[in-house]
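We name chains A, B, ... by the order of the sequence lines, and we start the count at 1 in each one.
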Protein chains: 2
Amino acid sequence: MNAIKLRAASRAAGPTAAQADPRQALDRIDRAILRQLQNDASISNVALAARVKLSAPACLRRVERLKESGLIRGVVALIDPKAAGAGMLVIIGVVLDRSTPESFAEFEKAAQKVPGCMECHVVTGEFDYFMTIRTRDSDSFNRLHAEQLLYLPGVRQIRSFMVLKEILSTTKFPL
Amino acid sequence: MNAIKLRAASRAAGPTAAQADPRQALDRIDRAILRQLQNDASISNVALAARVKLSAPACLRRVERLKESGLIRGVVALIDPKAAGAGMLVIIGVVLDRSTPESFAEFEKAAQKVPGCMECHVVTGEFDYFMTIRTRDSDSFNRLHAEQLLYLPGVRQIRSFMVLKEILSTTKFPL
DNA sequence: CTTGAAATACTACTACG
DNA sequence: CGTAGTAGTATTTCAAG
């Protein structure tokens, strides 16, 4: 009951001069494999092969190719945040003082080091950045807010949206 | 085939006065396992056991227990959005018409069905909900916006923040 | 209650057709 | 892509701290 393994083989140039397209021609079976692995990657390769109606070696070859190509970025365990003591989620909108490349670069470098920071994105609109941060409770968030967020470089304003209820949080999207 | 047996977690009074904390007494080895599996869950159990300095069966039992307890919610493959044709990310703030339980429930039910919706959360502040949506490009987002988002039940206002650059996006947090 | 060692069953993996 | 064979692993059983 273990995840599918990858023997990092070196088969750079494909058999038939693969396309320059980053996503290389996903057929129906590849998509079925990806859908399954997005839901549960802990199934054995033989079970996966049966599900997509393929022989085990052929299935394994496809999975390896999908990992090699970078389409599968990795296989990871998802931890329940609450059970792990990070049950609070906060979404933060950030406005910087100045809109210079240096200012952005400096902020981004520091933002990634904020403990519990799950996401950080440059956005259009009234904010420069949106960040999502996981922390234990409101006390620990207040501490984080006072000791770290307010001292992020070049920050003019921080607006916090505390998450009251997580309706949906998924890592998989339609293929 | 691999029927995992559950030893009903009746180990309240652990070895050294465990915390009453809902996260049940993760010792150093459990945390090491979780840290590893958050980074890469595709390694074999023997490799994991060696890394945490445990025998293979003992390690496997711990992993099973962590899955049973729900602390490991699942093991999944992470797909590269861009390579899979969902390279655009949009964060959406939603304000509802009325703040009634029915209104919230109806919206939540519909929001989860929006294709590409990755996250949806109730938040404090000037919005009722934040959603993040993955889609192919601005065209497909405009279509989604015009055909689905504007018709979500009970919506008064939708404000879209398009993500220009993804600085950080992770599924793992410190333990 | 947990660990570790040995034995079995299954799987990944590597040929080759 | 599929079949067959080998090597390695997961998984159970059992004994012991």
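Straight-line distance from the CD atom of E64(B) to the C1' atom of dT11(D): 8 Å, rounded to whole Å. Computed from coordinates, the K53(A) NZ to dG2(D) P distance equals 13 Å when rounded to whole Å. Taking atom CG of residue D27(B) and atom P of nucleotide dC1(C), one finds them 16 Å apart after rounding to whole Å. N45(B) places its CG atom 18 Å from the P atom of dC10(C), with the value rounded to the nearest Å. Rounded to a whole Å, the CD1 atom of I29(A) is 10 Å from the C1' atom of dC1(D). Going from atom CZ of R62(A) over to atom C1' of dC13(C) covers 18 Å, rounded to whole Å. R65(B) places its CZ atom 7 Å from the P atom of dT3(C), with the value rounded to the nearest Å. Rounded to whole angstrom, the span from the CG atom of L60(B) across to the P atom of dT11(D) amounts to 5 Å.
Screening V46(A), L54(A), I29(A) for a side-chain contact (heavy atoms from CB on, under 4.5 Å) with C59(A), the sole residue that qualifies is L54(A).
Ring pair F107(A)/Y129(A) is tilted by interplanar angle, where 30° to 60° counts as tilted. Using a 30° and 60° split on the angle between ring planes, F161(A) and F127(B) fall in the tilted class, from 30° to 60°.
Distances shown here put every side-chain N or O of R61(A) at or beyond 4.0 Å from the OP1 or OP2 atom of dG2(D).
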Find every protein N or O atom lying less than 3.5 Å from an N or O atom of nucleotides 5-8 of chain D, and list the pairs.
none

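A salt bridge is absent between R62(B) and E68(B): the closest approach of a Lys/Arg side-chain nitrogen to an acidic carboxylate oxygen does not fall below 4.0 angstrom. The pair E106(B)-K113(B) does not count as a salt bridge, with every side-chain nitrogen at least 4.0 angstrom from each carboxylate oxygen. Between D128(A) and R156(A) there is no salt bridge, since no side-chain nitrogen of the basic residue lies less than 4.0 Å from a carboxylate oxygen of the acidic one.
Minimum atom distance to the side chain of S44(B) is reached by dT9(D), of the listed dT9(D), dG2(D), dT12(D).
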